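Worksheet for the structure shown next.
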2 protein chains.
Amino acid sequence: MPAASPPSPVPQLAEMLCFSVYAANHALTRVYKPLLEPLGLTYPQYLVMLSLWGEDGQTVGRIGDQLFLESSTVTPLLKRLEAAGLVSRARDQADERVVRVRLTEQGRALRDKAASIPECILQATGLELDAALRLRDEMGRLRDSLAARDED
Amino acid sequence: MPAASPPSPVPQLAEMLCFSVYAANHALTRVYKPLLEPLGLTYPQYLVMLSLWGEDGQTVGRIGDQLFLESSTVTPLLKRLEAAGLVSRARDQADERVVRVRLTEQGRALRDKAASIPECILQATGLELDAALRLRDEMGRLRDSLAARDED
DNA sequence: CGCGGATTGATCGCGCACGATCTATCTTGT
DNA sequence: ACAAGATAGATCGTGCGCGATCAATCCGCG
């Protein structure tokens, strides 16, 4: 077959950085799924728990900031975690606008059961630790650049 | 504050490769949104159109393979593209199980209007072309590794 | 004190994304 | 030729993820 019929300006999916990020993200959540299922968590729920394990008692807004998500995403997510008995949600007494999210005993206990997951994921990436860290940094910078171009 | 209270095995969000991919993916779709809105497309719909601009008349299954998506995701997506008048869906006469997806005149015409988008995205990434291509390849390999660890 | 704007979450509607399941069609073995 | 299995899409229910909107609370200024 010829090289290109008209001088095609259409990039193939495989050629696009954005698609590779999109596909890698899906592949990641698929690898996480069987690891998180025994804990009763989805991948976004796991990210919220990670955030709370790092700092308990955060507000809804702060969790959203850390995960780069809107309240319309975080609120229902937290309600499901609450329904699962992993967190509690309560208005802050000093500022009734704010909702504080706190780990329950069960939520804290889950931390140990999740301890082996990062190792499993790193394994699945097929990367050495330093390569993974370098890639993480590059993706972080990419995110920052994209977010910066988003204010206008 | 001290370096770490107990020898904490909890990785912070910012430390995790998977989260950086997750966040970069979201940031990408946010950058795409205002570019695609004038075309009446969402980001996944744009990916489908890209695939069809590259090869018209694909089956539903093949589109799913290219995008790494299930039929339960692709079918409704295609229905929306059909409702928008961009594609037609019809059973293959030779094999009635198969549905062929074809661009309409309008769907083909959209290709020109979308031509400037990849340039805009590359710009927003803040990357030189060669750096973007390298990153694309790394993400592609990452996806492949993860998908491979998924067969078991 | 009290009004006006700002901040914080919650709600709603829509569009992915998946696993599980279903139906229709095709293929294979005998 | 026909039953058994395979294959291709479609459907359903659940859970993100967002923009737009709303209600409640807080803050600041007169």
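Here is how names work: the chains are called A, B, and so on, in the same order as the sequence lines, proteins then strands, and each is numbered from 1. Owing to the predicted nature of the structure, the values given are computational and were not obtained by experimental measurement.
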With sugar-phosphate taken as primed atoms, P, OP1 and OP2 and all else as base, the protein-contact string of nucleotides 14-20 of chain D at under 4.0 Å (heavy atoms; B, S, -) is -SSBBBB
Rounding to an integer number of Å, can you tell me how far [X] [atom1] sits from [N] [atom2]?
X: B:E96; N: D:dG9; atom1: CD; atom2: C1'; answer: 13 Å
X: A:R62; N: C:dG9; atom1: CZ; atom2: P; answer: 12 Å
X: B:L36; N: C:dG15; atom1: CG; atom2: C1'; answer: 14 Å
X: A:R100; N: C:dT8; atom1: CZ; atom2: C1'; answer: 12 Å
X: B:E82; N: D:dG9; atom1: CD; atom2: C1'; answer: 14 Å

- Would you please say whether a donor-acceptor pair under 3.5 Å links the side chains of B:Q58 and B:S51? yes
Decide yes or no for [X] and [Y]: does some side-chain heavy atom of the first lie under 4.5 Å from some side-chain heavy atom of the second?
X: A:Q45; Y: A:L86; result: no
X: B:L52; Y: B:V87; result: yes
X: A:L28; Y: B:C18; result: yes
X: B:C120; Y: B:L35; result: yes

DNA chain C contacts made by residues 83-95 of chain B, counting heavy atoms under 4.0 Å:
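Heavy-atom cutoff 4.0 Å gives B:A94, B:D95.
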Check: Mapping A:T75 and A:R97 to their closest nucleotides on DNA chain C, which lands nearer the 5' end?
Finding: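 Per heavy-atom nearest nucleotide, the more 5' residue is A:R97.
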ask   = At their closest point, which heavy atom of A:A132 faces which heavy atom of B:L17, and how far apart are they?
value =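 In this case the closest contact between A:A132 and B:L17 is O-CD1, 4.1 Å.
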Just wondering, are more than 12 heavy atoms of other shown residues or ligands nearer than 6.0 Å to CD in B:Q123?
->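 Atom CD in B:Q123 is not packed in, count stays at 12 or less.
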task = Flag the pair A:F68 / B:Y22 as yes when their ring centroid distance falls below 6.0 Å, and as no otherwise.
result =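 Between B:Y22 and A:F68, which both carry aromatic rings, the centre distance is not below 6.0 Å.
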